[in-house]
Amino acid sequence: MRTITVLPASQRGDLAALPAGVSAEPLPLPRELYLESTNRCNELCDQCPRTHLKREEERDLSLAEVVAITNQLPVLERVVLHGLGEPLLNPELPAIVAHLRARGAYVLFNSNATALSERTGRALIAADLNELRVSLDGGTAETYARVRGVNARTLPKIIRNLTAFTAIQREMGAERPRLSFWFTAMRENIHELPRLVEIALETGVREIYVQRLVYFGEGLAREEQALFRHAEAEQVAIIAETARTCRERGLTFRATGGHQPEDYVSAPATAQERRPWAGCERPRKLAYITATGNVFSCCFAPFHPGPARTRVLGNVFAQPFADIWNGPRYQAFRAAFDSDQPWDQCAGCGSKWSL
């Protein structure tokens, strides 16, 4: 096992400049964690901050580091092992999953499935992974390649990998992991959403989810690509058509949070629009830890442009997690969240994307 290393300050973020007099009652430690199992990736998605924004030094979280981090939390109910990277590139991923499942946590991650070999697939099944979400942002080889920054051979490879994986599940009589497709809906690709139904039927995947584009002003991650509250009649019709086909073929079709996709992209403004972030429970319920140990408020924080140090709340390789969770910087973040002037990663959340 690898020895846990305390990273230099340059990689841990700037923890200075805290507001004076910030204090609050200690919160119970979270029962849900996002652990960025790796920040390495084998794709260059045109809507991803990893492609367009400054990122942390590449590294994987080791099993030893995951054990050391999670041992600080007495109860873990849910652990998400993805972030700005491809989890399957971490060679210790099955062992990490097995450890967390032994802790009693529900474990899942998003993947592009390009590295889902037979060996890795069998190892993940043996580790009892609960859920494997496959990001599939195009229904043809050409669109997938354009959106995901890869070559046109990639989508056919993913289809082969998933077909083989579901065959292994049938062979082993394994109900887990639960498989699903996750489609980031954009003007660039929405016309190919119905094709995902065909791919699902071909590969044995039984669930398709639509999620909003998180945009930050670079590449495809621009407001003009977003469909949330900007969807035209033709685009809503495509989603409705897909929903109809899924019902006929016995597939689950949902949007993030269990919403109906048609309602999800065209939801009207609400009475809470003045403070659209206010309904979020993430600041008090979960934390996001990067592969370098930096702690963020949630998985959307790295999508915001500008210096990451303005959003880093601490580093688990430099201090105990409990000291970060109830420390002055996290308290300052929560106090701002409860005000009319939240930190920048929260200000647009709910009205533009996320909630």
Side-chain angles (χ1 to χ4, degrees), residues 1-15 33-45 48-73 76 79-100 105 107-117 120 123-124 127 129 132-133 135 148-150 286-321 323-325 345:
M1 289 187 179
R2 191 166 72 203
T3 302
I4 296 175
T5 304
V6 176
L7 299 177
S10 61
Q11 295 181 34
R12 297 199 305 263
D14 181 5
L15 306 182
L33 275 184
Y34 279 65
L35 291 175
E36 190 178 63
S37 49
T38 183
N39 57 20
R40 297 184 295 123
C41 196
N42 52 7
E43 295 191 334
L44 289 170
C45 301
C48 181
R50 189 184 181 281
T51 302
H52 295 288
L53 305 180
K54 185 176 180 181
R55 58 181 186 258
E56 298 179 345
E57 179 181 346
E58 291 189 352
R59 76 189 300 271
D60 301 340
L61 278 181
S62 70
L63 173 61
E65 289 166 344
V66 170
V67 171
I69 293 167
T70 57
N71 278 352
Q72 299 177 57
L73 285 84
L76 270 179
V79 180
V80 180
L81 290 174
H82 64 247
L84 299 185
E86 169 49 52
L88 293 179
L89 297 185
N90 186 331
E92 293 193 274
L93 184 67
I96 291 170
V97 171
H99 167 72
L100 295 170
V107 183
L108 67 100
F109 59 84
N110 279 33
S111 169
N112 58 42
T114 58
L116 186 60
S117 65
T120 300
L124 291 172
L129 176 69
L132 173 56
R133 299 176 174 181
S135 299
R148 307 285 292 190
V150 291
L286 61 82
Y288 174 99
I289 300 175
T290 73
T292 67
N294 280 333
V295 179
F296 288 95
S297 54
C298 72
C299 62
F300 292 99
F303 280 78
H304 201 283
R309 66 178 179 275
T310 65
R311 301 182 298 280
V312 173
L313 300 166
N315 187 281
V316 292
F317 299 152
Q319 61 190 131
F321 179 80
D323 291 353
I324 300 170
W325 181 249
Q345 71 264 36

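From a predicted model like this one, the values you see are computed outputs, not experimental measurements.
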Any side-chain heavy-atom pair of [X] and [Y] under 4.5 Å:
{"X": "Gln345", "Y": "Ser297", "answer": "yes"}
{"X": "Val150", "Y": "Leu44", "answer": "no"}
{"X": "Leu76", "Y": "Leu73", "answer": "yes"}
{"X": "Pro302", "Y": "Thr290", "answer": "no"}

Heavy-atom pair of closest approach, residues [X] and [Y]:
{"X": "Thr70", "Y": "His99", "value": "OG1-NE2, 3.4 Å"}
{"X": "Phe296", "Y": "Leu313", "value": "C-CD1, 3.9 Å"}
{"X": "Ala105", "Y": "Val79", "value": "CB-CG2, 4.0 Å"}
{"X": "His82", "Y": "Tyr288", "value": "O-CE1, 4.2 Å"}

To the nearest 0.5 Å, what is the distance between [atom1] ([X]) and [atom2] ([Y])?
{"X": "Ile324", "Y": "Asn315", "atom1": "CD1", "atom2": "CG", "answer": "6.5 Å"}
{"X": "Thr51", "Y": "Leu53", "atom1": "OG1", "atom2": "CG", "answer": "9.0 Å"}
{"X": "Thr38", "Y": "Glu92", "atom1": "OG1", "atom2": "CD", "answer": "11.5 Å"}
{"X": "Leu81", "Y": "Ser111", "atom1": "CG", "atom2": "OG", "answer": "11.5 Å"}
{"X": "Ser135", "Y": "Glu43", "atom1": "OG", "atom2": "CD", "answer": "8.5 Å"}
{"X": "Leu286", "Y": "Cys299", "atom1": "CG", "atom2": "SG", "answer": "8.0 Å"}

Side-chain donor/acceptor of [X] to backbone N/O of [Y], under 3.5 Å:
{"X": "Asn39", "Y": "Gly85", "result": "no"}
{"X": "Glu36", "Y": "Ala291", "result": "yes"}
{"X": "Asn294", "Y": "Ile289", "result": "no"}
{"X": "Glu86", "Y": "Leu88", "result": "yes"}
{"X": "Arg148", "Y": "Cys45", "result": "no"}
{"X": "Arg133", "Y": "Phe109", "result": "no"}
{"X": "Thr120", "Y": "Leu116", "result": "no"}

Item to check | Worked verdict on Ile69 versus Leu35 for side-chain contact (heavy atoms from CB on, under 4.5 Å) | outcome: CA-CA 9 Å; Ile69 293 167; Leu35 291 175; 4.3 Å; yes
Checklist entry - Does the pair Leu108 and Leu132 meet the rule for a side-chain contact (heavy atoms from CB on, under 4.5 Å), with working shown? => result CA-CA 6 Å; Leu108 67 100; Leu132 173 56; over 6 Å; no
Checklist entry - Among side-chain atoms of Asn90 and Ser37, is any donor-acceptor pair under 3.5 angstrom? => result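 Result is no, nothing qualifies.
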Checklist entry - So does Arg40 pair up with Glu58, basic N to acidic O under 4.0 Å? => result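 No, no charged N to carboxylate O under 4.0 Å.
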